[in-house]
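Beneath this line is the structure, given in structure tokens, with notes to follow.
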Number of protein chains: 2
Amino acid sequence: MNLKPTDLFAALANDTRLRCLVLLREQGELCVCELTHATGSAQPHVSRHLAQLRELGLVADRRAGLWVYYRVHPALPDWACRVLDETAAAVHGQAPFSSDAANLASMPGRPSAPRCA
Amino acid sequence: MNLKPTDLFAALANDTRLRCLVLLREQGELCVCELTHATGSAQPHVSRHLAQLRELGLVADRRAGLWVYYRVHPALPDWACRVLDETAAAVHGQAPFSSDAANLASMPGRPSAPRCA
DNA sequence: TACAAATATACCGAAAACCATATATTAAAG
DNA sequence: CTTTAATATATGGTTTTCGGTATATTTGTA
């Protein structure tokens, strides 16, 4: 994967995309409805930004029945991984990132389908 | 300085700005004409992008006679510094970053005014 | 086959980013 | 005080991005 720095940074320059990536990084795998609930955004909004991340190769997706699970792409270049790490550390405990994690944890009908089929 | 992640990433998402920052990071201090020559861009183009970086607090400037020297802002948050470090390492030896450094080194009338008055 | 849930895409107008060019500002020198 | 070099800003137009809403697709189930 040949990821241009400016392309990575453009992807990280949007709140929704950055919040999703930070969530995925610490949670491993999340489906669209979980990300939608965590961020409090509309479903098409989240879905479209996930599609952008997917087209750039930043995330990978896996369908399991009705749900599509997203994760940080396992082949993400090391330097990009470290950029994400630094960012996650920098925003740790800060809004809106902290409330995203809290919303996720308290999600009522969180799908319990197999995560690693 | 309270630097929002998305603001930093938006700044890094432009070729001219990223190339200037990478140059400033490894050179310490450069004036506008040096950055203009190194990147091969038009002077107003470089100047405007430097102004954006300045307004965001990513660079500091110092006037010395006719020249204005820019540097990575000394109060840049650690995490942002590390993001820049990772990026610089990732692009090391790659175009157009490598040619920028080469262009700078071979600049004919490079101003020799005091850099640390 | 019909229906419902989860997700994806299409469409649209508003806002922002971008670049090239022209012009203004600042400071040194004569 | 005029000129020149370095830098900054303004202007206009094109392109991109963004968010909201409507709609389409996919999959499981009755």
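Each chain gets a letter, A, B and so on, in the order its sequence line appears, and its residues count up from 1.
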First and last nucleotide of DNA chain C, 5' to 3', lying under 4.0 Å from heavy atoms of chain A: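 The contacted stretch runs from C:dA5 to C:dT9.
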Residues in ring pair (Phe, Tyr, Trp, His ring centres under 6.0 Å) contact with A:F9, at least two apart in sequence or another chain: B:F9
Under the salt bridge (Lys or Arg N to Asp or Glu O under 4.0 Å) test, residues paired with A:R25 that sit two or more places apart: A:D85
Residue list, salt bridge (Lys or Arg N to Asp or Glu O under 4.0 Å) with A:R63, at least two apart or on another chain: none
Check the distance between [N]'s [atom2] and [X]'s [atom1] and give it to me in whole angstrom.
{"X": "B:E55", "N": "D:dT9", "atom1": "CD", "atom2": "C1'", "answer": "11 Å"}
{"X": "B:Y69", "N": "D:dA6", "atom1": "OH", "atom2": "C1'", "answer": "11 Å"}
{"X": "B:W67", "N": "D:dA5", "atom1": "CH2", "atom2": "C1'", "answer": "9 Å"}

Side-chain donor-acceptor distances from residues 89-98 of chain B under 3.5 Å, at least two apart:
from: B:Q94; atom 1: NE2; to: B:A90; atom 2: O; distance (Å): 3.4
from: B:S98; atom 1: OG; to: B:Q94; atom 2: O; distance (Å): 3.3

Within [range] or reaching into it, pairs that qualify as salt bridge (charged side-chain N to carboxylate O under 4.0 Å, His left out) - sequence neighbours excluded:
{"range": "residues 10-21 of chain B", "value": "B:R19-B:D100"}
{"range": "residues 41-60 of chain A", "value": "A:R54-A:D61"}
{"range": "residues 74-84 of chain A", "value": "A:R82-B:E86"}

For B:T39, side-chain hydrogen bond (donor to acceptor under 3.5 Å, both in side chains) partners two or more places apart: B:S41
Sugar-phosphate or base contact per nucleotide [nucleotides 15-30 of chain D; S, B, -; heavy atom under 4.0 Å]: ---SB-BB----BS--
Ring pair (Phe, Tyr, Trp, His ring centres under 6.0 Å) contacts in which one or both residues fall within residues 40-62 of chain A, not counting sequence neighbours: A:H45-A:H49
Strand DNA chain C as a dot-bracket string - pairs counted if Watson-Crick or G-U with both distances under 3.5 Å, | where the partner lies in another strand: ||||||||||||||||||||||||||||||
Non-hydrogen side-chain atoms of B:C31 and B:Y70 separated by less than 4.5 Å: no
